[in-house]
Amino acid sequence: MGHPSAARTDAPDPVIRTRALTKRYRGGQLAVDGLDLTVPAGSVFGFLGPNGSGKTTTIRMLMGLIEPTSGSARVLGHPMPRASRAVLPQVGALIEGPALYGFLSGRDNLLRYDAADPTADPRTRRARVAAALERVGLTAAAGKKAKAYSLGMKQRLGLAAALLQPRRLLVLDEPTNGLDPQGMREIRTLIRELAADGTTVFLSSHLLDEIEQVCSHAAVMAQGRLLTQGAVADLAARARGRLVVTTPDTADAARVLKEQGVGDVVTAEDQVSGDPPDRELAELTAALVAAGVRVRGFGVERASLEDAFVALTGEGFDVAG
Ligand SMILES: Nc1ncnc2c1ncn2[C@@H]1O[C@H](COP(=O)(O)OP(=O)(O)OP(=O)(O)O)[C@@H](O)[C@H]1O
(Lines give C-alpha, C1' and ligand atoms only; values in the text may rest on other atoms or scores of the structure.)
Protein backbone atom coordinates (compact mmCIF):
# COMPACT_ATOMS: atom_id res chain seq x y z
CA MET A 1 0.00 0.00 0.00
CA GLY A 2 1.06 3.59 -0.55
CA HIS A 3 3.02 2.65 -3.69
CA PRO A 4 0.53 2.58 -6.53
CA SER A 5 3.18 1.80 -9.14
CA ALA A 6 4.42 -1.21 -7.16
CA ALA A 7 0.89 -2.40 -6.42
CA ARG A 8 0.27 -2.71 -10.13
CA THR A 9 2.78 -5.55 -10.45
CA ASP A 10 0.97 -7.64 -7.81
CA ALA A 11 -2.10 -9.79 -8.55
CA PRO A 12 -3.86 -8.86 -11.79
CA ASP A 13 -6.35 -6.02 -11.47
CA PRO A 14 -9.87 -7.14 -10.75
CA VAL A 15 -11.99 -7.31 -13.88
CA ILE A 16 -14.80 -5.40 -12.16
CA ARG A 17 -14.43 -3.12 -9.17
CA THR A 18 -17.07 -0.78 -7.78
CA ARG A 19 -16.81 1.72 -4.96
CA ALA A 20 -19.94 2.85 -3.09
CA LEU A 21 -21.89 2.36 -6.32
CA THR A 22 -25.39 3.70 -5.84
CA LYS A 23 -28.47 4.08 -8.03
CA ARG A 24 -31.62 5.89 -7.05
CA TYR A 25 -34.22 5.87 -9.79
CA ARG A 26 -36.16 8.99 -10.58
CA GLY A 27 -39.22 7.68 -8.76
CA GLY A 28 -37.07 7.64 -5.60
CA GLN A 29 -36.46 3.88 -5.53
CA LEU A 30 -33.00 3.13 -4.07
CA ALA A 31 -32.16 0.13 -6.26
CA VAL A 32 -28.41 -0.19 -5.46
CA ASP A 33 -27.01 1.14 -2.20
CA GLY A 34 -23.27 1.71 -1.68
CA LEU A 35 -22.04 -1.39 -3.51
CA ASP A 36 -18.33 -2.38 -3.21
CA LEU A 37 -17.87 -5.27 -5.62
CA THR A 38 -14.58 -6.97 -6.60
CA VAL A 39 -14.60 -9.54 -9.40
CA PRO A 40 -11.22 -11.31 -9.74
CA ALA A 41 -9.78 -12.04 -13.16
CA GLY A 42 -10.46 -15.60 -14.31
CA SER A 43 -13.37 -16.16 -11.92
CA VAL A 44 -16.85 -17.39 -12.65
CA PHE A 45 -18.58 -14.83 -10.49
CA GLY A 46 -22.15 -15.38 -9.36
CA PHE A 47 -24.17 -12.27 -8.57
CA LEU A 48 -26.86 -13.70 -6.36
CA GLY A 49 -30.00 -12.16 -4.97
CA PRO A 50 -33.75 -12.48 -4.94
CA ASN A 51 -35.84 -10.67 -7.56
CA GLY A 52 -35.70 -6.92 -7.09
CA SER A 53 -32.42 -6.93 -5.12
CA GLY A 54 -30.66 -4.67 -7.64
CA LYS A 55 -28.77 -7.12 -9.85
CA THR A 56 -29.99 -5.86 -13.21
CA THR A 57 -29.53 -2.23 -12.16
CA THR A 58 -25.91 -3.00 -11.18
CA ILE A 59 -25.25 -4.76 -14.49
CA ARG A 60 -26.73 -1.85 -16.43
CA MET A 61 -24.39 0.53 -14.61
CA LEU A 62 -21.38 -1.74 -15.23
CA MET A 63 -22.21 -1.81 -18.94
CA GLY A 64 -22.57 1.97 -19.10
CA LEU A 65 -26.26 1.74 -20.01
CA ILE A 66 -27.31 3.93 -17.09
CA GLU A 67 -25.42 6.48 -14.96
CA PRO A 68 -24.87 5.78 -11.27
CA THR A 69 -26.37 8.34 -8.88
CA SER A 70 -23.07 8.26 -6.97
CA GLY A 71 -20.02 6.06 -6.49
CA SER A 72 -17.86 4.57 -9.25
CA ALA A 73 -17.42 1.46 -11.35
CA ARG A 74 -14.32 0.23 -13.17
CA VAL A 75 -14.51 -2.53 -15.76
CA LEU A 76 -11.29 -4.02 -17.19
CA GLY A 77 -9.44 -1.26 -15.34
CA HIS A 78 -11.35 1.64 -16.93
CA PRO A 79 -14.04 3.91 -15.47
CA MET A 80 -17.60 3.32 -16.63
CA PRO A 81 -19.58 4.77 -18.30
CA ARG A 82 -16.77 7.18 -19.38
CA ALA A 83 -14.64 4.49 -21.06
CA SER A 84 -17.54 2.57 -22.62
CA ARG A 85 -16.11 2.84 -26.14
CA ALA A 86 -12.80 1.26 -25.13
CA VAL A 87 -14.25 -1.32 -22.74
CA LEU A 88 -17.41 -2.64 -24.37
CA PRO A 89 -15.73 -4.25 -27.42
CA GLN A 90 -13.89 -6.53 -24.97
CA VAL A 91 -17.08 -7.48 -23.14
CA GLY A 92 -19.73 -9.90 -24.34
CA ALA A 93 -23.08 -9.19 -22.74
CA LEU A 94 -26.38 -11.02 -22.60
CA ILE A 95 -28.84 -8.77 -20.79
CA GLU A 96 -32.61 -9.17 -20.58
CA GLY A 97 -32.80 -11.80 -23.29
CA PRO A 98 -31.23 -11.57 -26.75
CA ALA A 99 -32.82 -9.23 -29.31
CA LEU A 100 -33.51 -11.56 -32.23
CA TYR A 101 -35.28 -11.27 -35.56
CA GLY A 102 -37.68 -14.20 -35.66
CA PHE A 103 -37.96 -14.16 -39.45
CA LEU A 104 -34.19 -14.55 -39.90
CA SER A 105 -32.26 -17.78 -39.42
CA GLY A 106 -29.95 -18.12 -36.45
CA ARG A 107 -26.96 -17.67 -38.76
CA ASP A 108 -28.42 -14.57 -40.45
CA ASN A 109 -29.20 -13.07 -37.04
CA LEU A 110 -25.53 -13.36 -36.12
CA LEU A 111 -24.32 -12.01 -39.49
CA ARG A 112 -26.61 -9.02 -39.06
CA TYR A 113 -25.55 -8.49 -35.44
CA ASP A 114 -21.87 -8.61 -36.39
CA ALA A 115 -22.42 -6.21 -39.32
CA ALA A 116 -23.82 -3.66 -36.84
CA ASP A 117 -20.58 -3.79 -34.82
CA PRO A 118 -18.13 -1.17 -36.15
CA THR A 119 -15.18 -2.98 -34.55
CA ALA A 120 -15.94 -6.29 -36.34
CA ASP A 121 -13.90 -7.24 -39.40
CA PRO A 122 -16.27 -8.05 -42.32
CA ARG A 123 -13.62 -10.27 -43.98
CA THR A 124 -13.70 -12.75 -41.12
CA ARG A 125 -17.44 -12.40 -40.43
CA ARG A 126 -18.65 -15.71 -41.92
CA ALA A 127 -15.90 -17.71 -40.22
CA ARG A 128 -16.49 -16.04 -36.85
CA VAL A 129 -20.24 -16.62 -37.09
CA ALA A 130 -19.67 -20.30 -37.95
CA ALA A 131 -17.27 -20.67 -35.01
CA ALA A 132 -19.71 -19.03 -32.57
CA LEU A 133 -22.56 -21.28 -33.75
CA GLU A 134 -20.32 -24.31 -33.31
CA ARG A 135 -19.29 -23.12 -29.85
CA VAL A 136 -22.89 -23.02 -28.60
CA GLY A 137 -23.95 -26.21 -30.41
CA LEU A 138 -26.25 -24.56 -32.95
CA THR A 139 -24.48 -25.52 -36.18
CA ALA A 140 -27.17 -28.03 -37.20
CA ALA A 141 -29.98 -25.55 -36.46
CA ALA A 142 -28.19 -22.51 -37.96
CA GLY A 143 -30.45 -22.36 -41.03
CA LYS A 144 -33.71 -22.49 -39.08
CA LYS A 145 -35.71 -19.34 -38.48
CA ALA A 146 -35.08 -18.00 -34.96
CA LYS A 147 -38.82 -17.94 -34.20
CA ALA A 148 -38.77 -21.74 -34.44
CA TYR A 149 -36.04 -21.94 -31.78
CA SER A 150 -36.80 -23.12 -28.26
CA LEU A 151 -36.10 -20.68 -25.43
CA GLY A 152 -32.86 -22.54 -24.69
CA MET A 153 -31.76 -22.28 -28.32
CA LYS A 154 -32.59 -18.56 -28.36
CA GLN A 155 -30.51 -18.09 -25.23
CA ARG A 156 -27.62 -20.01 -26.82
CA LEU A 157 -27.92 -17.84 -29.94
CA GLY A 158 -27.68 -14.79 -27.67
CA LEU A 159 -24.53 -16.25 -26.16
CA ALA A 160 -23.15 -16.91 -29.65
CA ALA A 161 -23.69 -13.20 -30.42
CA ALA A 162 -21.65 -12.34 -27.32
CA LEU A 163 -18.89 -14.68 -28.54
CA LEU A 164 -18.42 -13.32 -32.08
CA GLN A 165 -15.26 -11.57 -30.97
CA PRO A 166 -12.68 -12.68 -28.41
CA ARG A 167 -13.86 -11.37 -25.03
CA ARG A 168 -12.06 -10.82 -21.75
CA LEU A 169 -15.35 -10.66 -19.85
CA LEU A 170 -18.81 -12.10 -20.33
CA VAL A 171 -21.72 -10.51 -18.46
CA LEU A 172 -24.83 -12.66 -18.38
CA ASP A 173 -28.03 -11.49 -16.69
CA GLU A 174 -30.02 -14.51 -15.48
CA PRO A 175 -28.77 -16.69 -18.38
CA THR A 176 -30.88 -19.71 -17.41
CA ASN A 177 -34.06 -17.84 -16.49
CA GLY A 178 -37.14 -19.53 -17.95
CA LEU A 179 -35.21 -22.53 -19.27
CA ASP A 180 -36.18 -26.16 -18.63
CA PRO A 181 -33.68 -28.34 -16.71
CA GLN A 182 -32.07 -29.58 -19.93
CA GLY A 183 -31.67 -26.01 -21.25
CA MET A 184 -30.20 -24.96 -17.89
CA ARG A 185 -27.68 -27.78 -18.01
CA GLU A 186 -26.60 -26.82 -21.53
CA ILE A 187 -26.01 -23.18 -20.58
CA ARG A 188 -24.13 -24.15 -17.41
CA THR A 189 -21.89 -26.52 -19.33
CA LEU A 190 -21.18 -23.77 -21.83
CA ILE A 191 -20.32 -21.30 -19.05
CA ARG A 192 -17.86 -23.80 -17.56
CA GLU A 193 -16.23 -24.32 -20.97
CA LEU A 194 -15.89 -20.60 -21.57
CA ALA A 195 -14.36 -20.11 -18.13
CA ALA A 196 -11.92 -22.96 -18.78
CA ASP A 197 -10.72 -20.96 -21.81
CA GLY A 198 -9.78 -18.13 -19.45
CA THR A 199 -12.74 -15.77 -19.94
CA THR A 200 -14.00 -14.14 -16.75
CA VAL A 201 -17.74 -14.77 -16.48
CA PHE A 202 -20.02 -12.56 -14.40
CA LEU A 203 -23.53 -13.95 -14.16
CA SER A 204 -26.55 -12.97 -12.15
CA SER A 205 -28.93 -15.50 -10.75
CA HIS A 206 -31.64 -15.87 -8.14
CA LEU A 207 -30.84 -19.60 -7.87
CA LEU A 208 -28.50 -20.62 -5.06
CA ASP A 209 -27.81 -24.08 -6.38
CA GLU A 210 -26.91 -22.65 -9.77
CA ILE A 211 -24.24 -20.46 -8.17
CA GLU A 212 -22.91 -23.43 -6.18
CA GLN A 213 -22.73 -25.55 -9.34
CA VAL A 214 -20.93 -23.18 -11.72
CA CYS A 215 -19.32 -20.34 -9.80
CA SER A 216 -15.90 -20.01 -8.17
CA HIS A 217 -16.86 -16.71 -6.49
CA ALA A 218 -20.10 -15.06 -5.50
CA ALA A 219 -21.64 -11.89 -4.12
CA VAL A 220 -24.95 -11.94 -2.30
CA MET A 221 -27.34 -9.00 -2.65
CA ALA A 222 -30.51 -8.18 -0.76
CA GLN A 223 -32.52 -4.98 -1.10
CA GLY A 224 -29.80 -3.18 -3.04
CA ARG A 225 -27.07 -3.92 -0.53
CA LEU A 226 -24.16 -6.33 -0.63
CA LEU A 227 -24.39 -8.91 2.16
CA THR A 228 -21.15 -10.73 1.41
CA GLN A 229 -18.73 -11.69 -1.36
CA GLY A 230 -15.83 -14.07 -1.83
CA ALA A 231 -14.89 -17.58 -2.95
CA VAL A 232 -17.96 -19.84 -2.91
CA ALA A 233 -16.14 -22.44 -0.81
CA ASP A 234 -15.23 -19.80 1.79
CA LEU A 235 -18.77 -18.38 1.92
CA ALA A 236 -20.24 -21.79 2.64
CA ALA A 237 -17.49 -22.64 5.12
CA ARG A 238 -18.13 -19.42 7.04
CA ALA A 239 -21.58 -20.68 7.96
CA ARG A 240 -21.28 -23.41 10.55
CA GLY A 241 -22.93 -26.71 9.74
CA ARG A 242 -25.74 -28.16 11.85
CA LEU A 243 -25.21 -30.80 14.50
CA VAL A 244 -27.69 -33.62 13.89
CA VAL A 245 -28.53 -36.41 16.36
CA THR A 246 -30.77 -39.27 15.19
CA THR A 247 -32.55 -40.95 18.11
CA PRO A 248 -35.96 -42.30 19.19
CA ASP A 249 -35.48 -40.35 22.48
CA THR A 250 -35.80 -36.86 20.99
CA ALA A 251 -37.11 -35.08 24.11
CA ASP A 252 -34.23 -36.31 26.28
CA ALA A 253 -31.72 -35.62 23.54
CA ALA A 254 -32.99 -32.05 23.12
CA ARG A 255 -32.76 -31.47 26.88
CA VAL A 256 -29.20 -32.83 27.11
CA LEU A 257 -28.02 -30.84 24.09
CA LYS A 258 -29.40 -27.62 25.61
CA GLU A 259 -27.68 -28.42 28.93
CA GLN A 260 -24.46 -28.92 27.00
CA GLY A 261 -24.71 -25.42 25.48
CA VAL A 262 -26.02 -26.31 22.04
CA GLY A 263 -27.97 -23.36 20.60
CA ASP A 264 -31.08 -23.27 18.40
CA VAL A 265 -32.14 -26.87 19.22
CA VAL A 266 -34.86 -28.09 16.83
CA THR A 267 -36.67 -31.45 16.95
CA ALA A 268 -38.08 -33.01 13.79
CA GLU A 269 -39.33 -36.63 13.77
CA ASP A 270 -36.43 -38.79 14.96
CA GLN A 271 -33.80 -36.07 14.68
CA VAL A 272 -32.64 -33.29 16.94
CA SER A 273 -30.44 -30.61 15.41
CA GLY A 274 -28.68 -27.52 16.71
CA ASP A 275 -25.76 -25.15 16.28
CA PRO A 276 -22.60 -27.05 17.23
CA PRO A 277 -20.81 -25.60 20.30
CA ASP A 278 -17.11 -24.70 20.27
CA ARG A 279 -15.94 -27.83 22.11
CA GLU A 280 -15.10 -31.45 21.66
CA LEU A 281 -18.06 -33.24 20.04
CA ALA A 282 -17.10 -36.47 21.85
CA GLU A 283 -18.18 -34.77 25.11
CA LEU A 284 -21.66 -34.31 23.65
CA THR A 285 -22.02 -37.96 22.64
CA ALA A 286 -20.78 -39.01 26.09
CA ALA A 287 -23.39 -36.78 27.78
CA LEU A 288 -26.15 -38.16 25.56
CA VAL A 289 -25.18 -41.75 26.28
CA ALA A 290 -24.81 -41.07 30.02
CA ALA A 291 -28.39 -39.70 30.03
CA GLY A 292 -29.63 -42.95 28.47
CA VAL A 293 -30.35 -41.44 25.03
CA ARG A 294 -30.18 -44.13 22.33
CA VAL A 295 -27.95 -42.45 19.72
CA ARG A 296 -28.50 -43.94 16.24
CA GLY A 297 -26.67 -41.21 14.35
CA PHE A 298 -24.47 -38.25 15.25
CA GLY A 299 -22.68 -35.75 13.04
CA VAL A 300 -22.26 -32.25 11.68
CA GLU A 301 -23.82 -31.62 8.29
CA ARG A 302 -21.72 -29.53 5.93
CA ALA A 303 -23.00 -25.97 5.47
CA SER A 304 -24.31 -25.00 2.06
CA LEU A 305 -24.41 -21.59 0.48
CA GLU A 306 -28.06 -21.52 1.52
CA ASP A 307 -27.04 -21.96 5.18
CA ALA A 308 -24.62 -19.07 4.72
CA PHE A 309 -27.42 -16.97 3.27
CA VAL A 310 -29.79 -17.83 6.08
CA ALA A 311 -27.08 -17.08 8.64
CA LEU A 312 -26.52 -13.67 7.03
CA THR A 313 -30.12 -12.60 6.67
CA GLY A 314 -31.91 -14.61 9.34
CA GLU A 315 -34.38 -15.68 6.69
CA GLY A 316 -34.69 -18.20 3.89
CA PHE A 317 -33.66 -17.49 0.34
CA ASP A 318 -36.70 -16.47 -1.69
CA VAL A 319 -36.47 -18.46 -4.91
CA ALA A 320 -39.91 -17.46 -6.12
CA GLY A 321 -40.12 -16.03 -9.64
N1 LIG B 1 -36.33 1.89 -14.43
C2 LIG B 1 -36.68 1.80 -13.14
N3 LIG B 1 -37.33 2.80 -12.52
C4 LIG B 1 -37.67 2.72 -11.21
N5 LIG B 1 -37.41 1.65 -10.42
C6 LIG B 1 -36.77 0.61 -10.98
C7 LIG B 1 -36.38 0.61 -12.37
N8 LIG B 1 -35.76 -0.57 -12.63
C9 LIG B 1 -35.77 -1.27 -11.48
N10 LIG B 1 -36.37 -0.59 -10.49
C11 LIG B 1 -36.54 -1.02 -9.09
O12 LIG B 1 -35.26 -1.15 -8.51
C13 LIG B 1 -35.18 -2.30 -7.68
C14 LIG B 1 -34.09 -3.26 -8.16
O15 LIG B 1 -34.46 -3.77 -9.42
P16 LIG B 1 -33.51 -4.69 -10.32
O17 LIG B 1 -34.23 -4.98 -11.60
O18 LIG B 1 -32.17 -4.06 -10.42
O19 LIG B 1 -33.42 -5.99 -9.43
P20 LIG B 1 -32.98 -7.46 -9.84
O21 LIG B 1 -32.24 -8.01 -8.67
O22 LIG B 1 -32.28 -7.45 -11.14
O23 LIG B 1 -34.36 -8.20 -9.95
P24 LIG B 1 -34.93 -9.03 -11.18
O25 LIG B 1 -34.25 -10.35 -11.10
O26 LIG B 1 -36.38 -9.07 -10.85
O27 LIG B 1 -34.62 -8.23 -12.41
C28 LIG B 1 -36.57 -2.93 -7.70
O29 LIG B 1 -37.27 -2.48 -6.58
C30 LIG B 1 -37.18 -2.37 -8.97
O31 LIG B 1 -38.58 -2.28 -8.84
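Read the numbers this way: they start at 1 and go in the same order the structure lists the ligands and their atoms. In this chain, residues are counted from 1 in sequence order. Fair warning: this is a prediction, and the values are worked out from it, not measured in the lab.
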When distances are taken from atom 27 (O) of ligand 1, the protein heavy atom at minimum range is Thr56 OG1, 3.3 Å
Might you work through the salt bridge (charged side-chain N to carboxylate O under 4.0 Å, His left out) test for Glu193 and Arg135, ending with a clear yes or no?
-> CA-CA 9 Å; Glu193 287 171 7; Arg135 176 93 252 207; 3.3 Å; yes
Which residue owns the protein heavy atom closest to atom 11 (C) of ligand 1, what's the atom, and how far is it?
-> Gln29 CG, 3.7 Å
Non-hydrogen protein atom less than 4.0 angstrom from atom 22 (O) of ligand 1 = yes
min-distance protein heavy atom vs atom 9 (C) of ligand 1 -> Tyr25 CE1, 3.4 Å
Flag: protein heavy atom within less than 4.0 Å of atom 30 (C) of ligand 1 | no
Starting from atom 18 (O) of ligand 1, locate the nearest protein heavy atom and write down its residue, its atom name and how far away it is, to 0.1 Å.
-> Thr57 OG1, 2.6 Å
Nearest non-hydrogen protein atom, atom 25 (O) of ligand 1 | Asn51 ND2, 3.1 Å
Purely on distance, is any nitrogen or oxygen of Lys55 under 3.5 Å from one on ligand 1?
-> yes
Kindly assign one of parallel, tilted or perpendicular to the pair Phe45 and His217, based on the angle between their ring planes and the thresholds 30° and 60°.
-> parallel
Which atom names give the shortest non-hydrogen contact between Pro81 and Ser84, and what distance separates them?
-> O-OG, 2.7 Å
Distance col, row Thr22:OG1 vs Met61:CE, nearest 0.5 angstrom, shows 7.5 Å
Shortest non-hydrogen contact from Val171 toward Met63 | CG2-CE, 3.8 Å
Main-chain N/O of Gly183 paired to Asp180 side chain as donor or acceptor, under 3.5 Å | yes
Taking the side chain as every heavy atom from C-beta outward, state whether Val129 and Leu164 have any pair of such atoms under 4.5 Å apart.
-> yes
Does Thr18 use its side chain to pair, donor to acceptor, with the backbone of Leu35 at less than 3.5 Å?
-> yes
Under 3.5 Å: donor-acceptor pair, side chain of Thr228, backbone of Leu226 | no
Please determine if Thr58 has a nitrogen or oxygen closer than 3.5 Å to a nitrogen or oxygen of ligand 1.
-> no
Verdict with reasoning, Leu257 to Leu288, per side-chain contact (heavy atoms from CB on, under 4.5 Å) | CA-CA 8 Å; Leu257 290 180; Leu288 287 165; 4.3 Å; yes
Atom indices of ligand 1 within 4.0 angstrom of Pro50 heavy atoms, with elements = 21 (O)
For atom 19 (O) of ligand 1, what is the nearest protein heavy atom, given as residue, atom name and distance?
-> Gly54 N, 3.1 Å
Quick one: does Gly27 get a heavy atom under 4.0 Å from ligand 1?
-> no
Which residue supplies the protein heavy atom nearest to atom 14 (C) of ligand 1, what is that atom called, and how far is it?
-> Gly52 O, 3.4 Å
State if Glu174 counts as touching ligand 1 under the rule of any non-hydrogen atom under 4.0 Å.
-> yes
Please write down residue, atom name and distance for the protein heavy atom closest to atom 12 (O) of ligand 1.
-> Ala31 CB, 3.3 Å
Heavy-atom contacts with Ser53 under 4.0 Å: which atoms of ligand 1 show up? List them by number with element.
-> 19 (O), 20 (P), 21 (O)
